[in-house]
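Let me begin by presenting the structure, written as structure tokens, before commenting on it.
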Amino acid sequence: MNTVDRLSVLKTYKLYVGGKFPRSESGRVYEVTDSKGTWLANAPLASRKDARDAVVAARKAFGGWSGATAYNRGQILYRVAEMLEGRREQFVAEVAAAEGLSKAKATAQVDAAIDRWVWYAGWSDKVAQIAGGANPVAGPYFNLSSPEPTGVVAVLAPQDSSFLGLVSVIAPAVVTGNTVVVVAAEDAPLPALSLAEVLATSDLPGGVVNLLSGRTAELGAPLAAHQDVNAIDLAGADADLAKELEVAAADNLKRVLRPAPVNWSSDPGTTRLMTFLETKTVWHPKGV
């Protein structure tokens, strides 16, 4: 009896918007290849309409997520790390293929990404202590400052780190109560689209993180100009695109985090954690 080779079941990658997995409304896809040019999958080529839909979903989710307790947000980020740990081998394979890394190096990237979720989870109920506090004033008043999330943040994920870099720009934005619309690395979107499957099963409310794949410039333009986007992280933009998007972002005074060389494997510090926060100051009389 002849043995017939089994055909593998190819994975269909989709966008992640509002807690659901739609295809691009345009019906477009683009080929994703590994570092040697070998075909890996077809990824959805998101459109401007998809970007606008993602902003609507992020805005809808903002009230509930920003109103959750810091402790609860930390628990959910820790749950993301738990789920990633269970699918560790899948992400190692995807990162290795996406970035042309050895298994050992890809494993190090994935482990660092999992640890980063845990690290930011720990900051959830502590950031208020470093971003706020009591201010000395001349007069019979208490003057207290406390941090609040900026709102909807558009994120252009790093092009040079498809997973660790991605986590390093998403986690600090959402742990403080923001919601995000993320454009995955253009040439290596598959780890990001797989991360969406983890987020969907990690108690994270739909719309808190929305993931798009496609052309960074095509999706960055409508997000930078969108009147309901409060801030934008340009980590994945080159110098020319960053300048163009910063000009567009000025129209509604978006907060902009400019791109800069980053070693994603190093200690992330608190820069991104603090960037997308606003400060609310309250005055209260001390009494007699």
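A quick note: this is a predicted structure, and the numbers were derived from the prediction, not measured. All values below were derived from every heavy atom in this structure, side-chain atoms included, with hydrogens, water molecules and symmetry-related copies excluded.
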Could you tell me if Lys286 sits above the aromatic ring of Tyr141, with its cationic atom closer than 6.0 Å to the ring centre and no more than 45 degrees from the axis? no
Show your reasoning for whether salt bridge (charged side-chain N to carboxylate O under 4.0 Å, His left out) applies to Lys11 and Glu197. CA-CA 12 Å; Lys11 183 172 180 176; Glu197 298 170 1; 3.0 Å; yes
Under 6.0 Å from the six-membered ring centre of Tyr30 and within 45° of its axis: does the NZ or CZ of Arg215 meet both? yes
Between Gln159 and Ala185 (side chain of the first, backbone of the second, donor and acceptor by atom type, cut-off under 3.5 Å), is there such a pair? no
What's the spacing between Arg272 CZ and Thr176 OG1 if we round to 0.5 Å? 13.0 Å
Using 0.5 Å steps for rounding, measure from the CG atom of Leu45 to the OG atom of Ser24. 6.5 Å
If we ignore angles and hydrogens, is there a donor and acceptor under 3.5 Å between the side chains of Asn135 and Ser145? yes
Are the side chain of Asn178 and the backbone N or O of Gly151 linked by a donor-acceptor pair below 3.5 Å? yes
Hey, any chance Leu166 and Leu84 share a hydrophobic cluster, counting ILVMFWY side chains that come within less than 4.5 Å of each other, even indirectly? yes
In short, Gly177 meets Phe62 closest at the heavy-atom pair O-CE1, 3.4 Å
Measure from the side-chain N and O atoms of Thr38 to the backbone N and O of Asp34, and report whether any donor-acceptor pair falls under 3.5 Å. no
Using distance only, find each side-chain donor-acceptor pair of residues 109-117 under 3.5 Å and give its atom names and separation, not counting sequence neighbours.
residue	atom	partner	partner atom	Å
Asp111	OD1	Arg88	NE	2.6
Asp111	OD1	Arg88	NH2	3.4
Asp111	OD2	Arg88	NH2	3.1
Arg116	NH1	Ser168	OG	3.0
Arg116	NH1	Trp264	O	2.6
Arg116	NH2	Ser266	O	3.1

Can you see whether Lys60 engages Thr179 through a side-chain donor-acceptor pair at a distance of less than 3.5 angstrom? no
Should the heavy atoms of other residues, nucleotides or ligands under 6.0 Å from NZ of Lys126 be counted, would the total exceed 12? yes
Check this for me, if you would: do Glu218 and Arg28 make a salt bridge, where the nitrogen-to-carboxylate-oxygen distance has to be below 4.0 angstrom? yes
On a heavy-atom basis, the closest approach of Leu156 and Gly220 is CD2-CA, 4.1 Å
Just by distance, no angles: are the side chains of Asp251 and Gln227 close enough, under 3.5 Å, to form a donor-acceptor pair? yes
Residue pair Leu241, Thr216: steps toward the side chain to side chain contact (heavy atoms under 4.5 Å, CB included) verdict: CA-CA 9 Å; Leu241 179 60; Thr216 301; 4.0 Å; yes
In this structure, are over 12 heavy atoms from other groups packed under 6.0 Å from Arg23 atom CZ? no
How close do Leu211 and Leu199 get, counting heavy atoms only, and between which atoms? CD1-CD1, 4.2 Å
Separation between CG (Leu273) and CD1 (Ile130), nearest 0.5 Å, reads 6.0 Å
With rounding to the nearest 0.5 Å, note down the distance linking NE2 in His226 to CZ in Arg52. 7.5 Å
Consider only side-chain N and O atoms of Thr279 and Glu148, and report whether a donor and an acceptor are under 3.5 Å apart. no
Test side-chain contact (heavy atoms from CB on, under 4.5 Å), reference Val209, set Val180, Val155, Val17, output is Val180
Please determine if Glu278 and Arg255 form a salt bridge, counting it only when a charged side-chain N lies under 4.0 Å from a carboxylate O. yes
Tell me if a side-chain donor or acceptor on Arg73 pairs with a main-chain N or O of Ser124 at a distance below 3.5 Å. no
How many angstroms lie between CG in Asn210 and OH in Tyr16, if you round to the nearest 0.5 Å? 8.0 Å
So which atom in Ser213 and which in Ala43 form the shortest heavy-atom distance, rounded to 0.1 Å? OG-CB, 4.2 Å
All pairs passing ring pair (Phe, Tyr, Trp, His ring centres under 6.0 Å) where residues 159-187 contributes a residue, at least two apart: Phe91-Phe163
Test item: side-chain donor near acceptor, Glu99 and Ser35, under 3.5 Å: no
Got a donor-acceptor contact below 3.5 angstrom from the Arg79 side chain to the Gly74 backbone? no
Give a yes-or-no answer on whether the side chains of Asn230 and Arg59 include a donor-acceptor pair shorter than 3.5 Å. yes
One should read off an interatomic distance between Asp50 CG and Leu219 CG, to the nearest 0.5 angstrom, of 8.0 Å
Side-chain donor/acceptor of Ser47 to backbone N/O of Lys49, under 3.5 Å: yes
All heavy atoms of Ala46 vs all of Leu212, minimum pair found to be CB-CB, 4.2 Å
Asn42 vs Tyr13 side-chain heavy atoms within contact, under 4.5 Å: no
Are Val152 and Val208 linked, directly or through other ILVMFWY residues, by side chains that come within less than 4.5 angstrom of each other? no
Would you call Met83 and Thr201 a side-chain contact if the rule is heavy atoms closer than 4.5 Å? yes
Cluster question for you: counting only ILVMFWY and a side-chain heavy-atom cut-off of under 4.5 Å, with indirect links fine, are Leu190 and Leu195 together? no
So which atom in Ala98 and which in Ser162 form the shortest heavy-atom distance, rounded to 0.1 Å? CB-OG, 4.0 Å
Hey, is the main chain of Pro158 close enough, under 3.5 Å, to the side chain of Ser161 for a donor-acceptor pair? no
Any side-chain donor paired with an acceptor under 3.5 Å for Thr69 and Asn72? no
